[in-house]
Amino acid sequence: MPKELKGNMNGQGLHVGIVVARFNEIITKKLLDSAVETLIRHGVRDEDITVCWVPGSFELPVVAKTLAKTGRYNAVICLGAVIRGETSHYDMVASQSASGINSIGLETGVPTIFGVLTTENMEQALNRAGGKAGNMGANTALAAIETARIIEAATTA
Ligand code: INI
């Protein structure tokens, strides 16, 4: 019988950093509120959550990496909204943000969660920030807890 490890969804005792882009704040504030509410519902203490605002999604990786390297966080969540209709450099911002965030987790070992919405227009973004397609902020909180816990389980097994 293989040994199977799973990350539980208990957030008690976890420390979580959140980096959130101010660009398209009407969207990112909704992502942030949902992420914080979900973390707290799963047992993360309010005072163990640190929120850092940055200008835009392009700046998410550098600040997320700073948090990850402190060693004080079990997970770092990155939140942003890149909307194609509003920028000519959509592809650059979206891809640099994604690859930067991905490399932080790999380089530091701290799960760094990708919560950047990439949509064609504002309506699609609103749908995914508490509208009819749910709220991606809540999903990032769940991913942060589960990934932190599976790393814990895998390193102590
Ligand atoms: N940043 C975003 O988070 N979303 C966007 O849609 C966006 N647009 O439209 O350009 C955006 N640009 C700013 C970028 O993230 C940087 O803050 C800026 O280029 C300074 O480095």
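Quick caveat, the model's predicted, so the values are computed rather than measured. Just follow the structure's listing: the first ligand is 1, and inside any ligand the first atom is 1. Just so you know, these numbers use all the heavy atoms, side chains as well, and skip hydrogens, waters and symmetry mates.
- By the 4.0 Å N-to-carboxylate-O rule, Lys65 lies close enough to Glu107 to be salt-bridged with it.
- Atom numbering of ligand 1 starts at 1 in the shown order; those under 4.0 Å from a heavy atom of Ile83 are 6 (O).
- The CG atom of Asp46 sits 4.5 Å away from the CD1 atom of Ile40 when rounded to the nearest 0.5 Å.
- An N or O contact shorter than 3.5 Å links Ala81 to ligand 1 by distance.
- Salt bridge present: Glu152 and Arg149 bring a charged side-chain N and a carboxylate O closer than 4.0 Å.
- Numbered from 1 in the order shown, with element, the atoms of ligand 1 that lie under 4.0 Å from a heavy atom of Asn24 read 4 (N), 5 (C), 6 (O).
- Contacts with ligand 1 closer than 4.0 Å are made by heavy atoms of both the backbone and the side chain of Val82.
- Nearest to atom 8 (N) of ligand 1 by heavy-atom distance, out of Tyr90, Phe58, Phe23, is Phe23.
- Within the model, atoms CG of Leu126 and NZ of Lys30 stand 6.5 Å from one another, a figure rounded to the nearest 0.5 Å.
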In sequence, state the C-alpha distance, the side-chain angles, and the governing distance for Asn10 and His42, and then conclude on side chain to side chain contact (heavy atoms under 4.5 Å, CB included). CA-CA 6 Å; Asn10 180 2; His42 284 262; over 6 Å; no
